[in-house]
*Asks:* 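Below: one structure in structure tokens.
Throughout, protein chains are lettered first and strands after them, A, B, ... in sequence-line order, and every chain is numbered starting at 1.
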Number of protein chains: 2
Amino acid sequence: MISDTNITQAEAAAAQIRTLILNGTFQPGQPLRQEALSEQLNVSRTPLRHALQSLVEDGLVEATDYKGARVAALDPGMVDDLFEMRLLLEPLALKSAFQHHTKLDFAKAEMALDAAEAERQPSKLSALNWDFHHALYRPSNRQTLLKTIEQLNRASALAEVIASSIVARPEKSAAEHRKLLQACRNGDEAGAMSILSEHLRFAHHDIRNREE
Amino acid sequence: MISDTNITQAEAAAAQIRTLILNGTFQPGQPLRQEALSEQLNVSRTPLRHALQSLVEDGLVEATDYKGARVAALDPGMVDDLFEMRLLLEPLALKSAFQHHTKLDFAKAEMALDAAEAERQPSKLSALNWDFHHALYRPSNRQTLLKTIEQLNRASALAEVIASSIVARPEKSAAEHRKLLQACRNGDEAGAMSILSEHLRFAHHDIRNREE
DNA sequence: TCTACTAATATTGGATACAATCATGATTTC
DNA sequence: GAAATCATGATTGTATCCAATATTAGTAGA
């Protein structure tokens with residue numbers, strides 16, 4: 001076997017459903033019936049249920065026993081909570097990454113940034129968004145911290161999509177990312193920290209102002 | 001139907017396995033074979049797999065495709081990460097709760113505290129622990145924030161058990177909790193905040209010192 | 001003896017059939 | 001006529017069987 005990219009059907013289905021949600025095809029509140037979905041995605045109900053369960057843990061889907069699953073309807077305070085947490089945790093990750101400057105490697109970050117500028121599909125944009133941030137935080141080597149931050153980013157992605165913000169401000173976001181990457185390259189820790197915070201505050205603000 | 005306590009077999013199995021892990025019956029690294037477990041718990045493999053998956057999302061179990069699941073072996077920095085995050089997020093929740101003082105209700109907190117003092121089983125102790133903290137944070141009404149904090153508490157529970165800390169310091173923890181509750185009752189926001197932070201720092205310290 | 005390959009076994013992932021639960025609408029009773 | 005009850009259909013949860021993958025033991029060849 002050459003490449004070990006063994007993906008399970010449940011994971012494939014989860015990825016597809018996630019895409020459908022993040023691209024707005026599946027609207028919040030919409031019921032997700034197992035049989036219909038399994039037909040649509042050409043998988044049996046067994047892996048489909050696993051997919052739904054993992055999406056529940058991601059916060060993209062809500063489910064109740066015997067009553068079925070539906071696309072999550074985000075509660076009002078969710079966006080504020082997510083960004084307040086990110087504003088506390090992500091600078092921490094970046095700071096820790098700077099302390100392992102021997103491991104710093106910005107190639108992946110730049111790749112994600114380049115790819116993002118050519119991408120317009122919301123689900124892929126949000127994935128590349130995280131790839132970029134993750135590339136910067138990774139040298140910190142703090143797996144547990146990064147796992148939590150990743151969850152918060154995933155949840156934010158849904159909010160961004162609903163607010164049509166991820167497609168509305170890609171250039172602005174890209175510019176902020178470039179500034180952030182440059183500061184990291186220069187070893188300007190303080191500068192990078194403040195750019196990151198500002199970036200998160202902008203994103204938060206833009207999402208809020210598009211909600212009605 | 002009088003009470004709507006409909007529990008699914010998968011959830012029941014998950015609860016049982018969680019108990020077995022938190023009580024130390026299942027040691028970290030130990031493989032969890034589906035067939036053996038399904039016999040032991042008297043459920044089929046289908047709901048058992050769902051249970052394992054949800055435990056994976058809780059961080060109590062690690063799984064790899066086609067290679068099976070095992071009790072999570074916590075990585076070295078995990079404890080530090082968890083408590084640094086809790087130290088940032090939990091005071092935030094408490095502070096928000098104070099701002100909704102009309103909703104403050106300490107009955108549940110006291111009940112959890114009383115029950116904890118009579119309890120010696122680690123899995124139940126950690127559950128009551130969370131019940132107490134949750135009762136204090138709940139008036140904040142910040143569901144997303146509280147969900148994240150709950151995850152961090154759940155993950156901490158495993159670490160505490162491994163460090164034999166949850167059974168070693170219950171009286172100390174209970175005393176700290178009583179002080180915290182009293183400060184909240186008195187409306188002493190600043191005092192409560194500092195007691196909470198201190199409480200978390202103590203817990204962190206006690207876990208660290210028991211690891212080898 | 002060691003390595004590479006193959007076969008046999010064990011274990012997990014998936015498909016399908018069945019049981020339990022919920023939702024809807026008709027029917028009965030007052 | 002309204003409310004409660006029951007029956008029917010729809011939907012989810014569970015059990016069991018089959019397929020795919022990994023692991024191990026064994027064998028052949030150098």
*Asks:* Taking only the side-chain nitrogens and oxygens of Q9(A), find out if one of them lies under 4.0 Å from OP1 or OP2 of dA15(C).
*Replies:* yes
*Asks:* Report the distance from atom CG of L48(A) to atom C1' of dG13(C), rounded to the nearest whole Å.
*Replies:* 15 Å
*Asks:* Measuring from N129(A):CG to R154(A):CZ, what's the distance to the nearest 0.5 Å?
*Replies:* 13.0 Å
*Asks:* Given atom CD of E35(A) and atom C1' of dA17(C), what is their separation to the nearest angstrom?
*Replies:* 13 Å
*Asks:* So does K67(A) get a side-chain nitrogen or oxygen closer than 4.0 Å to the phosphate oxygens (OP1/OP2) of dA23(C)?
*Replies:* yes
*Asks:* For V43(A) and for D65(A), find the nucleotide of DNA chain C with the closest heavy atom, then tell me which residue's nucleotide is more 5'.
*Replies:* V43(A)
*Asks:* Could a donor-acceptor pair under 3.5 angstrom be found where the side chain of R45(A) meets the base of dG13(D)?
*Replies:* yes
*Asks:* In whole angstrom, give the distance that lies between atom CG of L37(A) and atom P of dA10(D).
*Replies:* 19 Å
*Asks:* Is it the case that the side chains of D80(B) and H204(B) hold a donor-acceptor pair, with the cut-off being a distance below 3.5 Å and no angle test?
*Replies:* yes
*Asks:* Expressed as a whole number of angstroms, how long is the span from E11(B):CD to dA20(C):P?
*Replies:* 18 Å
*Asks:* Select base, sugar-phosphate, or nothing to describe what R33(A) touches, counting heavy atoms under 4.0 Å on all strands.
*Replies:* sugar-phosphate
*Asks:* Whole angstroms only, please: what is the CD1-P distance between I7(B) and dG13(D)?
*Replies:* 12 Å
*Asks:* Can a donor-acceptor pair under 3.5 Å be found between the side-chain atoms of T46(B) and the base atoms of dT16(D)?
*Replies:* yes
*Asks:* Checking D75(A) now: which residues fulfil salt bridge (Lys or Arg N to Asp or Glu O under 4.0 Å) with it, not counting sequence neighbours?
*Replies:* none
*Asks:* Name the nucleic acid region contacted by A69(B), choosing base, sugar-phosphate or nothing; use a 4.0 angstrom heavy-atom cut-off, strictly under.
*Replies:* nothing
*Asks:* Specify the separation, in whole Å, of atom OH of Y66(B) and atom C1' of dC18(D).
*Replies:* 12 Å
*Asks:* Quick one: is Q34(B) getting a side-chain N or O under 4.0 Å of the dA10(C) phosphate, OP1 or OP2?
*Replies:* no
*Asks:* Tell me: NE2 of H50(A) to P of dT14(D), nearest whole Å?
*Replies:* 11 Å
*Asks:* S96(A) and R142(A): side-chain donor and acceptor closer than 3.5 Å?
*Replies:* yes
*Asks:* Run the salt bridge (Lys or Arg N to Asp or Glu O under 4.0 Å) test against K147(A) and tell me which residues pass, sequence neighbours left out.
*Replies:* none
*Asks:* Rounded to the nearest Å, what distance is computed from the CZ atom of residue R49(A) to the P atom of nucleotide dA15(C)?
*Replies:* 14 Å
